[in-house]
Amino acid sequence: MASTPTTGSPSSGKSPAARPKITINGVVREFTPGEMILQVANAGGVDIPQYCYHDGLSIVASCRICLAEVWAPNPRNNNALEPLMGGKLMPTCQTACTDGMVVYTDSPKSVANQKAVMEYLLINHPLDCPVCDQAGECTLQDFSYEYGRGVSRFEEQKVKQPKKDLGTHVYLYSDRCIMCTRCVRFTREVSGTSELLVAGRGNKEEIDVFPGIALDNELSANVVDLCPVGALLDKDFLFAQRVWFLKSTPSIDGITASGDNIFIEHNEGRVYRIKPRTNAAVNKWWITDEVRYGWKHVQSEARLRSPMRRMHGVLAESDYSRAYDDAIAGIDGAVRNGKRLAVVVSPMLSCEEAYLLGTLARAIDPKAVLAIGPVPVKGEDKTFPPGDANGFRMYAEKAPNARGVRRVLEAIGGSGSVQSYEQLLKTLGHGTGASDVGAVLLTGNYPSAWATDELMGALGGKFVTLIDTLGSSLVDAAGVVLPGATWMEKAGSFENARNMIQHFEQAIPVVEMAKSEGQIAMDLAAHREGKRAAAYNAAETRRAMAAAHATLSVFITDVSMPMTGSLAEADMQVVEL
Ligand code: SF4
Ligand code: FES
């Protein structure tokens with residue numbers, strides 16, 4: 001323990017600019033009035049054990065592991081440092097900082113409390129870490145090593161509690177629960193659905209759902225992330241993978257307009273789960289179940305895996321070179337015959353890919369139609385808790401980059417030049433049969449089949465080059481099919497519904513022969529000129545975009561890069577024996 005100073009040094013009286021300070025285990029930290037000791041410690045990298053506290057929930061100070069010895073200057077005694085509350089240990093999560101305060105979580109009294117709390121929490125906790133999904137990311141395990149006694153004095157029978165199926169996505173293994181109540185508070189304070197409660201008293205206390213009501217709200221699986229132990233488990237991830245094998249790549253929601261910050265967790269090219277990545281300006285600490293589980297098309301059996309070209313009326317697998325030859329011949333032929341090219345850029349694609357596709361289109365045909373693919377909308381926007389305009393927002397728009405695609409295509413084609421999907425259908429002759437378009441370069445990348453009857457009808461008689469990820473009826477209408485890459489398989493940037501442009505990284509390799517749409521656009525441009533394309537690089541493309549169009553300079557100045565400081569690193573170190 002650091003030596004206890006005899007007088008405090010409140011900084012507020014000395015300089016109007018000086019911020020108040022607190023000393024935690026000898027580390028001096030500035031704070032904003034109103035902040036709790038634990039919040040300042042967490043922000044400043046000072047370790048204090050904690051279970052019930054969470055930045056996004058109310059403070060209940062119930063687990064008692066964060067208690068510490070706190071001293072504060074007494075203005076009635078010449079600012080001499082005196083123990084707060086007569087020397088009682090204080091919950092650092094619920095005690096506001098004051099200037100000159102000195103906190104010890106490493107004093108004998110604090111350490112004794114930590115050991116006592118750990119011993120108490122472990123009394124009824126089963127020793128099933130080897131089969132528990134939380135092992136490796138469990139704070140009960142971690143704090144047991146760091147702050148626990150190392151031995152148990154408990155010789156009685158542990159209380160056995162049941163496993164429960166709480167709802168669509170979540171199991172509860174009750175006997176692992178340490179009653180931090182984070183999950184209960186989440187359903188009351190964030191989702192606003194209040195399905196969970198604490199039932200019973202003493203060592204019979206357990207988490208439960210109200211009779212007949214399942215944990216089935218749109219944010220339900222966030223309770224799994226909140227649970228500090230392995231009590232609440234994700235059905236989708238159950239026994240799927242040991243967490244220490246997972247690599248975490250920072251990314252952005254690729255299926256809705258939210259731009260929610262996520263980690264894609266994967267191993268050997270397979271994705272196992274999605275976790276929220278904290279961003280106070282976007283998704284706070286949460287993601288919807290839709291974002292968490294809506295990525296399964298990435299690993300679908302229906303993925304397009306190889307280029308195809310139509311020969312004698314039949315589509316057959318091909319290499320890229322011949323598929324590119326056919327695509328270019330078909331498009332150039334239509335333009336030579338006085339017809340226009342229409343390029344349909346899906347709102348599922350990145351800004352960089354929209355730029356490369358739009359530039360390619362105008363290089364082939366200066367009068368090319370630039371259009372944005374259909375932007376799916378489901379229901380209405382919702383906020384959580386309901387009615388809280390500053391709460392977590394779930395977007396009805398189910399595409400990640402409609403704004404970014406439009407922004408980029410308008411920079412290439414001019415303001416007002418970009419056709420919506422409805423306008424495109426008319427341009428292609430839907431309803432009239434008359435169209436000056438002879439070739440269509442069509443991109444998809446939606447999580448499910450997206451072709452409408454109107455589109456299928458309007459494509460008739462035109463040369464179609466399809467770049468898509470999933471097999472569909474569109475494949476049958478195409479002259480050339482090129483397999484695209486989902487957002488997990490490439491880097492880029494999306495502009496979300498808040499008009500924030502955010503970069504995402506490639507998490508896993510592309511499936512088989514698929515390529516990012518950006519690479520395909522570069523390949524086609526180079527192939528036309530008999531050259532070999534460079535490798536697609538999102539950052540370089542953004543620089544080129546900003547250099548070519550003043551209106552795209554935001555892609556240099558305003559792209560949020562993922563903060564990777566919080567990337568999960570393996571705790572284990574290999575040591576020589
Ligand atoms: S189930 Fe998990 S989150 Fe809920 S009270 Fe128990 S330990 Fe806390
Ligand atoms: S984290 Fe402070 S009492 Fe639980």
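Whatever order the structure lists them in is the order used to number ligands and atoms, beginning at 1. Since we're looking at a predicted model, the values are computed, not measured. Heavy-atom basis, side chains included; hydrogens, waters and symmetry copies ignored.
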Review point. For ligand 2, which atoms have a heavy atom of Gln50 less than 4.0 angstrom away?
Key: 1 (S)
Exercise for review: Using a strict cut-off of 4.0 Å, indicate which atoms of ligand 2 neighbour a heavy atom of Arg64.
Suggested key: 3 (S), 4 (Fe)
Exercise for review: Please state whether the rings of Phe143 and Tyr147 are parallel, tilted or perpendicular, taking 30° and 60° as the class boundaries.
Suggested key: perpendicular
**Study point:** Ser62 to ligand 2, any heavy atom closer than 4.0 Å
**Key:** yes
Revision key, fill the gap. Rounding to 0.5 Å, atoms OG (Ser248) and NE2 (His266) come to a distance of 7.0 Å
Study note, to complete from the structure: Near Tyr53 (heavy-atom distance under 4.0 Å), the atoms of ligand 2 are 1 (S)
Study note, to complete from the structure: Rounded to the nearest 0.5 angstrom, the CG-CD distance for Leu219 and Glu290 is 10.5 Å
Practice item. Would you please say whether a donor-acceptor pair under 3.5 Å links the side chains of Lys247 and Asn267? Key: yes
Practice item. Compute whether any side-chain donor of one residue and acceptor of the other, for Arg498 and Ser258, lie under 3.5 angstrom apart. Key: no
Check your understanding: Taking the inter-plane angle between the rings of Phe392 and Phe384 on a 0 to 90° scale, is it parallel (under 30°), tilted (30 to 60°) or perpendicular (over 60°)?
Key -> tilted
Study note, to complete from the structure: Under 4.0 Å from one or more heavy atoms of Cys93, ligand 2 contributes atoms 1 (S), 2 (Fe), 3 (S)
Review point. Around Lys88, counting heavy atoms of other residues, nucleotides and ligands shown, do more than 12 lie under 6.0 Å from its NZ?
Key: no
Exercise for review: Provide the number and element of each atom of ligand 2 under 4.0 Å from a heavy atom of Cys66.
Suggested key: 1 (S), 2 (Fe), 3 (S)
Review point. If you leave out waters, which protein N, O or S atoms are less than 2.8 Å from atom 6 (Fe) of ligand 1?
Key: Cys177 SG
Review point. For ligand 2, which atoms have a heavy atom of Cys52 less than 4.0 angstrom away?
Key: 1 (S), 3 (S), 4 (Fe)
Check your understanding: Looking just at side-chain N and O atoms, do Arg292 and Asn222 make a donor-acceptor pair shorter than 3.5 Å?
Key -> yes
Check your understanding: What pair of heavy atoms forms the shortest contact from Cys180 to Ser62, and how long is it?
Key -> O-OG, 4.0 Å
**Study point:** Pair Lys109 + Glu69, salt bridge at N-O below 4.0 Å
**Key:** no
Revision key, fill the gap. Within 4.0 Å of some non-hydrogen atom of Cys63, the atoms of ligand 2 are 1 (S), 3 (S), 4 (Fe)
